[in-house]
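The next block holds one structure in the form of C-alpha cells; read it before the comments.
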There are 2 protein chains.
Amino acid sequence: MPTPERTSIEAIVLAARELLESQGDAGLTMQAVADRVGVRAPSLYKRVRNRDDLVRIVAEATIQDLGAQLHAVPVTADVGQDLIEFAHAVRAFAHTRPNAFRLIIGTGPVAVPPDLDLITHALAPLFRIAADLAGPEHALDAARTLTAWAGGFITMELAGAFNLGGDVERAFDYGIAHLGRAFTAST
Amino acid sequence: MPTPERTSIEAIVLAARELLESQGDAGLTMQAVADRVGVRAPSLYKRVRNRDDLVRIVAEATIQDLGAQLHAVPVTADVGQDLIEFAHAVRAFAHTRPNAFRLIIGTGPVAVPPDLDLITHALAPLFRIAADLAGPEHALDAARTLTAWAGGFITMELAGAFNLGGDVERAFDYGIAHLGRAFTAST
DNA sequence: ACCTGAACACCGTTCAAGT
DNA sequence: ACCTGAACACCGTTCAAGT
C-alpha cells in the first residue's frame with residue numbers, strides 16, 4: 001500500500017538553506033527541517049543519507065548560485081575592471097548569505113566535501129581573469145592567490161575580525177587594486 | 001567540609017586542546033574532557049562557564065602560541081625576506097595544529113570571539129612588515145590584505161580545496177612574492 | 001568548597017510497525 | 001513505498017545531595 005509523498009528533496013533542501021541562514025549551523029537540525037516541511041524527522045532519511053549529506057547538498061547548491069552570479073558579471077575590454085566587478089560580486093553574495101558562504105569556503109563545518117567539478121565551473125570566470133592578468137602559465141597560481149585573498153578577507157569580515165577601525169570597504173578595494181597590479185606587473 | 005581540587009583550569013584547557021587536535025571539533029565534548037582530567041562532566045562547570053567559553057579559551061591560547069612563533073621570526077634588513085619568513089611561520093604553525101588554527105581564523109565554530117588585544121599583539125610583527133612595505137599610512141590596509149591572503153590560502157589548503165593539481169607550495173610562494181612586490185611598487 | 005549522580009531537554013539515527 | 005512512534009546512544013547543562 002503506497003503512501004503519498006508528503007515532501008520532496010527540493011523542499012527539504014530549501015528548508016535546510018532557510019534554516020542555515022536564519023538560525024545558523026546549530027539551528028539546522030533534522031528536527032527543524034522536518035517541522036518545516038511537515039513530516040517527522042525519521043522520514044527525512046528516505047531522501048537524504050544523513051545530516052552531513054544534507055549539508056553537502058546545501059553547500060553544492062550554494063556553489064551553483066555563486067557560480068551563476070559570477071558568470072553574470074559582464075566581460076569588458078578592461079581586465080582590471082573585470083577583476084574589481086568580480087571581487088565585488090563575490091563579496092555581495094557573501095553578505096546576503098553569510099552562513100552558506102562560510103560553508104563553501106572550507107571554513108564552515110562541512111564533513112563531506114562538495115563536488116570538485118562544480119567548484120571548477122563556478123570559478124571559471126576567475127580563471128579567465130587570472131590568465132589575462134598573469135599569463136596562461138601562471139593562471140592557476142594567480143587564481144589561487146585571488147581566491148585565497150577574497151575568501152580570507154570576506155571570512156574575516158564576516159567573523160568581525162576587522163573591528164580595529166579603519167574602513168573595511170577601502171581595505172577591500174585596496175586589496176583588489178594591489179593584487180591586480182601585482183600580476184600585471186610581472187607578465 | 002572542603003573537597004580537595006581534583007583538577008585545574010590548566011589541565012582542562014590542555015585536555016581540550018589535545019582533543020580538538022586529535023578528534024576534531026566534534027570530539028571536543030565536555031564528557032571527553034572530563035574523562036581526560038579525571039572528573040565527571042558537571043565538575044567542569046566549576047572552572048568554565050560552558051563549552052563555548054572553553055572553546056574561546058582554547059582559541060586565545062592558540063593566538064598566544066601563534067604570536068610567540070611570529071615574534072620569534074628574526075628581523076633582517078630585507079623586509080621582503082622578512083615577509084617570506086613570516087608567511088612560512090604562519091603556514092608551519094597551521095600545519096602542526098590545523099584544528100586550532102581554524103578556530104582563530106574566524107572560520108571555525110567559535111561562538112564567543114577571542115580578546116581583540118591578544119590578536120593585535122600577536123600580529124604586531126606583521127604590522128611592522130606592512131608599514132615597511134606600504135608606508136605607514138597604508139600599513140593597516142596592507143596588513144589586512146596580507147592576513148586575508150595568508151588566512152584564506154591556508155584555510156583552503158587545510159580544507160583540501162587545492163586538489164586541482166599543481167604545486168601548492170609554489171602557489172604559496174607565488175602569492176608571497178607578488179604581494180610583497182605589489183605593496184612596494186606603490187609606495 | 002568542590003565533586004557527584006540523577007535528571008532534563010535536546011541531538012542524530014535506526015527500525016519495526018502501520019497504511 | 002513512504003511515514004510514524006518508539007527507542008537508542010549521545011550531547012550540554014542544572015541542581016540537590018554528598019563529603
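The chains referred to below are lettered A, B, ... by the order of the sequence lines, with proteins before strands, and numbering in each begins at 1.
The residue A/Ser8 sits apart from the nucleic acid: no heavy atom pair falls under 4.0 Å.
The side chain of A/Thr3 sits closest to C/dG18 out of D/dC15, C/dC3, C/dG18. Distance from the side chain of A/Arg40 is smallest for D/dT4 among the nucleotides C/dA1, D/dT4, C/dT4. Listed nucleotides: C/dA6, D/dT4, C/dT13. Nearest to the side chain of A/Asn50: C/dT13. The side chain of B/Arg47 lies closest to C/dC2 when the candidates are C/dT19, C/dC2, C/dT14. When distances are taken from the side chain of A/Glu5 to each of C/dC3, D/dC2, D/dT4, the shortest belongs to D/dC2.
For DNA chain C, none of the residues of residues 28-37 of chain B falls under the heavy-atom distance limit of 4.0 Å. A heavy-atom distance below 4.0 Å to DNA chain D is reached by none of the residues of residues 13-22 of chain B.
Smallest separation of non-hydrogen atoms from B/Val48 and B/Met30: CG1-CE, 4.5 Å. Residues A/Ala15 and A/Arg36 approach most closely at CB-CD, 3.8 Å, considering heavy atoms. Scanning both residues, B/Asp82 and B/Arg128, for their nearest heavy atoms gives OD2-NH2, 2.7 Å. Residues B/Leu140 and B/Phe127 share a closest heavy-atom pair of CD1-CE2, 3.6 Å. Shown here for A/Thr145 and B/Ala171, the closest heavy-atom pair between the two residues is OG1-O, 4.4 Å.
Taking CG of A/Leu28 as the reference point, atom CG of A/Leu54 lies at 6.0 Å (rounded to 0.5 Å). Between the CZ atom of B/Arg56 and the CG atom of B/Asn50 there is a distance of 9.5 Å, given to the nearest 0.5 Å.
Checking side-chain atoms of B/Arg6 against main-chain N and O of B/Ser43 turns up no donor-acceptor pair under 3.5 Å.
Between A/Leu44 atom CG and C/dG12 atom P the separation is 10 Å, expressed in whole Å. Residue A/Tyr45 contributes atom OH, which lies 4 Å from atom P of C/dT13 at whole-angstrom precision. Rounded to whole angstrom, the span from the CG atom of B/Asp25 across to the C1' atom of D/dG12 amounts to 14 Å. One atom, CZ of B/Arg49, and another, P of D/dG12, lie 17 Å apart when rounded to the nearest Å. The distance from atom NZ of B/Lys46 to atom C1' of D/dT19 is 14 Å, rounded to the nearest whole Å.
With ring centers used as reference points, A/Phe172 lies under 6.0 Å from A/His88.
Put simply, A/Arg51 has a side-chain N or O that comes within less than 4.0 Å of OP1 or OP2 on C/dG12. The phosphate of D/dT4 has OP1 or OP2 within less than 4.0 Å of a side-chain N or O from A/Ser43.
A donor atom on one side chain and an acceptor atom on the other are not found under 3.5 Å apart for B/Gln64 and B/Glu60.
Cation-pi geometry between A/Arg144 and B/Tyr174 is not met: the NZ or CZ atom fails to fall both under 6.0 Å from the ring centre and inside 45° of the normal.
Around NE2 of B/His121, the count of heavy atoms belonging to other residues, nucleotides or ligands within 6.0 Å does not exceed 12.
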Completion exercise
Given Watson-Crick and G-U pairs under 3.5 Å, DNA chain C in dot-bracket ([ ] crossing, | other strand) is ||.|||||...|||||.||
